[in-house]
S.K.: 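Here it is: the structure, laid out below.
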Amino acid sequence: MSMNNQGRPTGIQNSDSAVPETVTGNRGLQIEEPLIFEQDSAGRCGVDLPEAPAVASRLGAVKPRGRIGLPGLAEPQVVRHYTRLSQKNYAIDSGLYPLGSCTMKHNPRLNEKMARLPGFADVHPLQPESTVQGALELMAELGRWLATLTGMAAVTLAPAAGAHGEMCGIMAIRSAHDAKGDTGRTKILVPESAHGTNPATAAACGYAVEAIPATEDGRVDLEALKAKLGPDVAGLMLTNPNTCGLFERDIVTIAEAVHAAGAYFYCDGANFNAIVGRVRPADLGIDVMHINLHKTFSTPHGGGGPGSGPVVFSESLAPYVPVPYVVQDKDGAFRLVEQAGDGPAFGRMKAFHGQMGMFVRALAYMMSHGADGLRQVANDAVLNANYLLARLQDVMTPSFEGPCMHECLFDDHFLKGTGVTTLDIAKALIDEGFHPMTMYFPLVVHGALLIEPTETESKASLDQFVTALRALAERAKSGDVAYFQGAPRLTPRRRLDETAAARKPVLRWSPAVEEEKVAAE
Amino acid sequence: MRYLPLTEADRRSMLEAIGVSSVDELFRDVPEAARLSGPIEGLSNHMGELEVDRALSAMAGKNLPAGSVPSFLGAGAYRHHIPATVDHLVQRGEFLTAYTPYQPEVSQGTLQVLFEFQTQVSLLTGMDVANASMYDGATACAEAVMMANRVTRRKKAVLSGGLHPHYRDTTTTDARFIGFETVAMPPAPNGGEDLLAEVDGDTSCVVVQNPDVFGHVRDYTELGKACQAKGALLIVVVTEAVSLGLLTPPGEMGADIVAAEGQSLGNALNFGGPYVGLFAVKEKLVRQMPGRLCGQTLDADGRRGFVLTLSTREQHIRREKATSNICTNAGLCALAFSIHLSLLGEEGFARLARLNHAKAVQLADKLAAVKGVEIVNGSFFNEFTVKLPKPAAHVVEELARRGILAGVPASRLFGGGLDDLLIVAATETNTESDMDAFATALAEVL
Ligand SMILES: Cc1ncc(COP(=O)(O)O)c(C=O)c1O
């Protein structure tokens, strides 16, 4: 045995690789972490605040409250708690995150730095306009980039996310119909492949949702669409490129048909990243479209938000933007229009002026790429997706013929008869060190696997993913069902019981729940 | 281009694997007339980090950061001290660059955070359950009203005149397009509105704010009981979450739904966003809630873990029958809120609230001593309204020129009227000398 002169072994003596049961339940770098509430010590505190000076209370008739029940921790404990929790997350910083439709691309840190400049982060939304000229200029400049990239006439930055932008767009459509006295339009047409937010938005705005079927080649069925268009249709909500990752070839004809019926064309622009710099939505006949800054323009998703969903409008809908918006006076000063007044503008849709922190990040991203780089973004995103399609099509079943745009869609036909499901493939991919693709969406194919690599993946990363996925597809076909059903095995938690979670929901920690558990043991 | 890893050689070999000769061929489904042949005109080309930093820093430099001068603005957005730890942890890539936790086995970090966040929000508001966040307080308020409409199957909401006008407008926008009625009471800077008189058999809810937009603090227990007797829900809005460290929580006043803004904890002013909407309800209303919910469960090995749950309420399952169309929410802002609150804990949070109240009392006393200034409020937490002998908007401009951000003119919020009212907030960030500077400058301009 090799040893140094203190008796410390320097070689490897035993290579038994079985995963041991540990005393702590920890597994090396995977450390178990209790809830913050389970780490409470009364009187401990992670901040040093002075005691309030003695003053006569002005709380009126309201009683000061008693104990709230928050746990007391010191700062190092808090740092460790969240650090350990963070280590239980997969992220785009750790690897390929090919969640179709979600556009998990690299989030540049320059953007984080810019958003934290005190001139942006430490500015109150209701400061006098004279003290926020740079903030208003940034909003105007972001609006100019978005309008130029889409070719549209007007833009609002107000909506807080994509779904909120959809709401804004549908409200603008209703406003325009109302302004014409055209109140008999009660329906919105939505293709079957649409994201859930589309029908949810249309229904929330009081419209009946009519589904449009897809054709064999994954596009909107033009004839079915035409048959449904009429004086009772307010608009069409179409995603382009669509959620199957395909460009709607007939889009110009679709737009003409929609307009001929007196309706408006809403485009869900969640997939704008595929075509930015290569096509302007205005040139396709679109009247209104939201853009998810947290997809196309790389603002981080943060585990579920915040997002930002600016909406662009064609000439015909431009009067119907919500407040607030920025205007520039002749002397060059920027001003905020905050009240809708009696004009056609509506609103407001949320407090203050929109997701400023996201605006800064998105503009930093746009300026970094420039007009030339954004075109390259679309090129590489589409190239990467088509490369995956080409490398996987013989072992998996592509739902539609390519070329695809920024994402490629497979269904579960290749798993037929194997006993392995789309979900199983996803879970096995986790053990291989990848985040799974989007599963079971869109609904137009069976057992969907929607893969969106984005332009920020290298070829080496794609090749590694292909190797893993090909091997899994082969393994599934070889009948190794148990392997898949047991996956994942290498994660902080294995498959979680979602049925039990929904049947008897435990949605918060409480001492009572803990006592019950102890009693049960 | 620093963010694009493909080399020219990669691109060539990938095109070959695909079986096309150029990337343009992959765009062949795009109508020919709409294809752009080169970069869009009118926009700059790519830039290095240094150039972007310079350009954006120049823009940022044209703004007056609130922290660089004595600042007393509130009205729904508050400047608090955020411990350095918060931003450090929020910027961990595993939190920052993850998506919504659709795959729970590799998202336990985010999910446990949400479970803890939901618990914290429930505790603060005194409610049974909270969701995983909404966009902001104003949209939470509008969603609360729509939820009340669903629960009661009624269609009229009564909105207090003390409700923040942005919250009111957000709700009335939805009312107009979604098709329900709102009765918005006129602003009542001196208090004294009879909300109950507006409640009838068609009323789904009464929406009040505590402290209200003018800063008044009230006990809504009686109103809650009266609403219940009439079959309407009581919705309590809170725009200053720190107030929950000192005031009787809405849950103890009988609120059915609480819609609040969580920005005060962990989140910078950011010129108005992103912020974080808090949404909490009574247990029996859980299945009518909008937004995501995280729940506790067990994994295949019997260990505790967390998942998104009750998703049959949500758009991705329910589509046009969903309780709301919300998808992306305010995850990272909720994380910041949660970390800040974890650092504060029971002791720190209560102390922070007391400190805010004391600062406001001190400021009120100093301003009341200025000739011509009248404090409107009988009660307040950390924000109150003053009546000035001159239009508040002018006074604020004057003071901004002297390097003081004096508060929010009520006329700005309400779009005219109430010209002589200024809404002023004080937090732990305001020093005694800030307050003296404010009082002195105010005396000079009046
Ligand atoms: C196609 C599509 N439409 C709409 C949305 C909704 O956007 P958001 O989550 O920003 O509200 C998404 C994102 O999840 C999407 O993929």
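Residue numbering restarts at 1 for every chain, and letters A, B, ... go by the order of the sequence lines.
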S.K.: In terms of heavy-atom pairs under 4.5 Å with chain A, which of B:R35, B:H316, B:E397 leads?
M.R.: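 So the answer, after comparing B:R35, B:H316, B:E397, is B:E397.
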S.K.: Heavy-atom distance under 4.5 Å to chain B: side chain of A:A56, backbone, both or neither?
M.R.: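 Backbone only.
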S.K.: Can you tell me which portion of A:I430 sits under 4.5 Å from chain B's heavy atoms? Options are side chain, backbone, both or neither.
M.R.: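 The side chain, not the backbone.
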S.K.: Rounded to the nearest 0.5 Å, what's the gap from CG on A:L73 to OG on B:S342? Could you check?
M.R.: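 Separation between the atoms: 7.0 Å.
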S.K.: Heavy-atom distance under 4.5 Å to chain A: side chain of B:L123, backbone, both or neither?
M.R.: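 Both parts, backbone and side chain.
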S.K.: Angle between ring planes, A:F352 versus B:Y275, binned at 30° and 60°: parallel, tilted or perpendicular?
M.R.: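 Because their plane-to-plane angle is over 60°, the rings of A:F352 and B:Y275 count as perpendicular.
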S.K.: Would you call A:R494 and B:E105 a salt bridge, using N to O less than 4.0 angstrom?
M.R.: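 No, this pair does not count.
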S.K.: What part of B:S71 is in contact with chain A, defined as an atom under 4.5 angstrom from a non-hydrogen atom: side chain, backbone, both or neither?
M.R.: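 When you check distances to chain A, no heavy atom of B:S71 falls under 4.5 Å.
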S.K.: If you take all heavy atoms of B:D29 and A:F247, which pair is closest and at what distance?
M.R.: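 So the two residues come closest at O-CD2, 3.4 Å.
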S.K.: Is B:T248 close to chain A through its backbone or its side chain, or both, or neither, when contacts mean heavy atoms under 4.5 Å?
M.R.: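 Its backbone and side chain both get close to chain A.
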S.K.: Quick check on B:N329 against chain A: is it the side chain, the backbone, both or neither that has a heavy atom closer than 4.5 Å?
M.R.: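 Both backbone and side chain of B:N329 come within 4.5 Å of chain A.
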S.K.: Mark yes or no for whether A:R508, through its side chain, and B:S122, through its backbone, hold a donor-acceptor pair below 3.5 Å.
M.R.: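 Not a single qualifying donor-acceptor pair exists.
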S.K.: I'd like to know if the side chain of A:Q133 reaches the main chain of B:K62, judged simply by a donor and an acceptor atom lying under 3.5 Å from each other, with no hydrogens or angles considered.
M.R.: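 Not confirmed, A:Q133 side chain does not pair with B:K62 backbone.
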S.K.: Could you measure the distance from the CE atom of A:M114 to the CG atom of B:L56? Nearest 0.5 Å is fine.
M.R.: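 Reported to 0.5 Å precision, the distance equals 6.5 Å.
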S.K.: Tell me, side chain or backbone of B:S379 under 4.5 Å from chain A's heavy atoms, or both, or neither?
M.R.: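 Backbone plus side chain of B:S379, per the 4.5 Å heavy-atom cut-off to chain A.
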S.K.: Where does B:L335 contact chain A at under 4.5 Å (heavy atoms): side chain, backbone, both or neither?
M.R.: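 Just the side chain, heavy atoms under 4.5 Å.
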S.K.: Do A:R278's NZ or CZ and the ring of B:F27 fall within the cation-pi criteria of under 6.0 Å and 45°?
M.R.: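 Yes, cation above the ring, under 6.0 Å and within 45°.
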S.K.: If we ignore angles and hydrogens, is there a donor and acceptor under 3.5 Å between the side chains of B:T297 and A:D497?
M.R.: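 Absent: no donor and acceptor within the cut-off.
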S.K.: So does B:G273 get a backbone contact from the side chain of A:Q355, meaning a donor-acceptor N/O pair under 3.5 Å?
M.R.: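 Such a contact is absent between A:Q355 side chain and B:G273 backbone.
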S.K.: Could you have a look at A:P322, A:A203, A:P403, A:P436 and say which one has the most heavy-atom pairs with chain B under 4.5 angstrom?
M.R.: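 Heavy-atom pair counts peak at A:P403.
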S.K.: May I ask you to name which of A:D283, A:T197, A:L138, A:V377 has the most heavy-atom pairs under 4.5 Å with chain B?
M.R.: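 Looking at each of A:D283, A:T197, A:L138, A:V377 in turn, A:T197 comes out on top.
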S.K.: Can you tell me how far the SG atom of A:C205 sits from the CZ atom of B:F177, to the nearest 0.5 Å?
M.R.: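 Rounded to the nearest 0.5 Å, the SG-CZ separation comes out at 8.0 Å.
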S.K.: Search all heavy atoms of B:P31 against all heavy atoms of A:V252 and return the closest pair with its distance.
M.R.: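 Taking B:P31 first and A:V252 second, the nearest heavy atoms are CG-CG2, 3.9 Å.
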S.K.: Can you tell which part of B:V408 gets under 4.5 Å to a heavy atom of chain A, answering side chain, backbone, both or neither?
M.R.: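 Interface part for B:V408: side chain.
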S.K.: Looking at A:R280 and B:L36, what are the two nearest heavy atoms and their distance?
M.R.: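 That closest heavy-atom pairing would be CG-CD1, 3.8 Å.
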S.K.: Tell me, side chain or backbone of B:Y102 under 4.5 Å from chain A's heavy atoms, or both, or neither?
M.R.: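 Just its side chain gets close to chain A.
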S.K.: For the candidates A:G134, A:A52, A:A161, A:P50, which exhibits the highest count of non-hydrogen atom pairs separated by less than 4.5 Å from chain B?
M.R.: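 With the most close heavy-atom pairs to chain B, the winner is A:G134.
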S.K.: Work out which heavy atom in A:A204 is nearest to a heavy atom in B:I178; give both atom names and the distance.
M.R.: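 Heavy atoms of A:A204 and B:I178 come nearest at O-CG1, 2.9 Å.
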S.K.: Of the non-hydrogen atoms in B:A34 and A:L284, which two are nearest, and what is the gap between them?
M.R.: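 Shortest heavy-atom separation between B:A34 and A:L284 comes out as CB-CD2, 3.7 Å.
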S.K.: So what's closer than 4.5 Å to chain A heavy atoms on B:V20: side chain, backbone, both or neither?
M.R.: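 Neither part.
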S.K.: Where on A:H369 is there a heavy atom nearer than 4.5 Å to chain B: the side chain, the backbone, both, or neither?
M.R.: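 Its backbone and side chain both get close to chain B.
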S.K.: Check A:D380 with B:R11, please: is the shortest side-chain N to carboxylate O separation under 4.0 Å?
M.R.: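 Yes.
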S.K.: Which region of B:R28, side chain (C-beta onward) or backbone (N, CA, C, O), has a non-hydrogen atom less than 4.5 Å from a non-hydrogen atom of chain A, or is it both or neither?
M.R.: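 Answer is side chain: those atoms of B:R28 sit under 4.5 Å from chain A.
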S.K.: Using non-hydrogen atoms and a 4.5 Å limit, figure out which bit of A:R67 sits close to chain B: side chain, backbone, both or neither.
M.R.: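 Both parts, backbone and side chain.
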S.K.: Could you tell me which portion of A:E455 (side chain, backbone, both or neither) has an atom closer than 4.5 angstrom to a non-hydrogen atom of chain B?
M.R.: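 For A:E455, backbone and side chain are both near chain B.
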S.K.: In terms of heavy-atom pairs under 4.5 Å with chain A, which of B:S57, B:A17, B:G179, B:S44 leads?
M.R.: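 Highest number of pairs under 4.5 Å: B:S44.
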S.K.: Measure from the side-chain N and O atoms of B:N325 to the backbone N and O of A:A163, and report whether any donor-acceptor pair falls under 3.5 Å.
M.R.: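 Pair found, side chain donor or acceptor close to backbone of A:A163.
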S.K.: Could you tell me which portion of A:R375 (side chain, backbone, both or neither) has an atom closer than 4.5 angstrom to a non-hydrogen atom of chain B?
M.R.: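 Contact with chain B is through the side chain of A:R375 alone.
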S.K.: Under the 3.5 angstrom rule, does the side chain of B:R318 hit a backbone N or O of A:A200 as a donor-acceptor pair?
M.R.: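 Such a contact is absent between B:R318 side chain and A:A200 backbone.
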S.K.: Counting only heavy atoms closer than 4.5 Å, note whether B:E314 contacts chain A via side chain, backbone, both or neither.
M.R.: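 Interface part for B:E314: neither.
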S.K.: Are the aromatic rings of B:Y135 and A:H164 close, with centres under 6.0 Å apart?
M.R.: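 Judged by ring-centre distance (under 6.0 Å), B:Y135 and A:H164 do meet the cut-off.
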S.K.: Decide, yes or no, whether a salt bridge links B:E94 with A:K88 under the criterion of side-chain N to carboxylate O below 4.0 Å.
M.R.: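 Answer for the salt bridge query: no.
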S.K.: Can you measure from CZ (B:F271) to NE2 (A:H353) and round to the nearest 0.5 angstrom?
M.R.: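 Output value for this atom pair is 4.0 Å.
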S.K.: Is a donor on one side and an acceptor on the other found under 3.5 Å between the side chain of B:Q120 and the backbone of A:L70?
M.R.: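 Looks like no, no N/O pair under 3.5 Å.
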S.K.: Using non-hydrogen atoms only, which part of B:V30 is less than 4.5 Å away from chain A: side chain, backbone, both, or neither?
M.R.: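 Both the backbone and the side chain of B:V30 come within 4.5 Å of chain A.
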S.K.: Looking at B:E49, B:R2, B:H46, which hits side-chain hydrogen bond (donor to acceptor under 3.5 Å, both in side chains) with A:S368?
M.R.: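 When B:E49, B:R2, B:H46 are each tested with A:S368, the side-chain hydrogen bond (donor to acceptor under 3.5 Å, both in side chains) holds only for B:R2.
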S.K.: Counting only heavy atoms closer than 4.5 Å, note whether A:A364 contacts chain B via side chain, backbone, both or neither.
M.R.: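 Both parts, backbone and side chain.
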S.K.: So how far is it from B:F380 CZ to A:L59 CG, rounded to the nearest 0.5 Å?
M.R.: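 Going from the CZ atom of B:F380 to the CG atom of A:L59 covers 8.5 Å.
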S.K.: Which heavy atom in B:P104 sits nearest to a heavy atom in A:L496, and how many Å separate them?
M.R.: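 Shortest heavy-atom separation between B:P104 and A:L496 comes out as CB-CD1, 3.4 Å.
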S.K.: Side chain, backbone, both or neither: which part of A:N386 has a non-hydrogen atom closer than 4.5 Å to chain B?
M.R.: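 Both backbone and side chain of A:N386 come within 4.5 Å of chain B.
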S.K.: Below 4.5 Å, heavy atoms only, C-beta onward: do B:L26 and A:L383 meet side chain to side chain?
M.R.: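 A side-chain contact exists here, since the closest heavy-atom pair is under 4.5 Å.
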S.K.: Is there a donor-acceptor contact under 3.5 Å from the side chain of A:R493 to the main chain of B:Q108?
M.R.: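 Answer holds: no.
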S.K.: Does any backbone or side-chain atom of B:L293 lie under 4.5 Å from a heavy atom of chain A? Answer side chain, backbone, both or neither.
M.R.: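 For B:L293, the side chain is the part near chain A, not the backbone.
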S.K.: Shorter than 4.5 Å, heavy atoms on both sides: which option in B:D299, B:T173, B:L332 has the most such pairs with chain A?
M.R.: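 Looking at each of B:D299, B:T173, B:L332 in turn, B:D299 comes out on top.
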S.K.: Of the backbone (N, CA, C, O) and the side chain (C-beta and beyond), which part of B:M1 lies under 4.5 Å from a heavy atom of chain A, both, or neither?
M.R.: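 Contact with chain A: side chain only.
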S.K.: Strictly distance-based, threshold 3.5 Å: is any side-chain N or O of B:N270 a donor or acceptor partner for the main-chain N or O of A:G357?
M.R.: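 Side chain of B:N270 to backbone of A:G357, a donor-acceptor pair under 3.5 Å: no, none is there.
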S.K.: Does a side-chain N-to-carboxylate-O contact under 4.0 Å join B:R79 and A:D122?
M.R.: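 Salt bridge between B:R79 and A:D122, a charged N being under 4.0 Å from a carboxylate O: yes.
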S.K.: Has the side chain of A:Y97 got a donor or acceptor atom that lies under 3.5 Å from a matching backbone atom of B:Y99?
M.R.: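 Answer holds: yes.
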S.K.: Between A:H124 (side chain only) and B:A77 (backbone N and O only), is there a donor and an acceptor less than 3.5 Å apart?
M.R.: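 Yes, A:H124 side chain to B:A77 backbone: donor-acceptor pair under 3.5 Å.
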S.K.: May I ask you to test the A:E498-B:T309 pair for a side-chain heavy-atom distance under 4.5 Å?
M.R.: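 Not in contact.
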S.K.: Nearest 0.5 Å, please: how far is CE in B:M14 from CG in A:N384?
M.R.: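 It comes to 4.0 Å.
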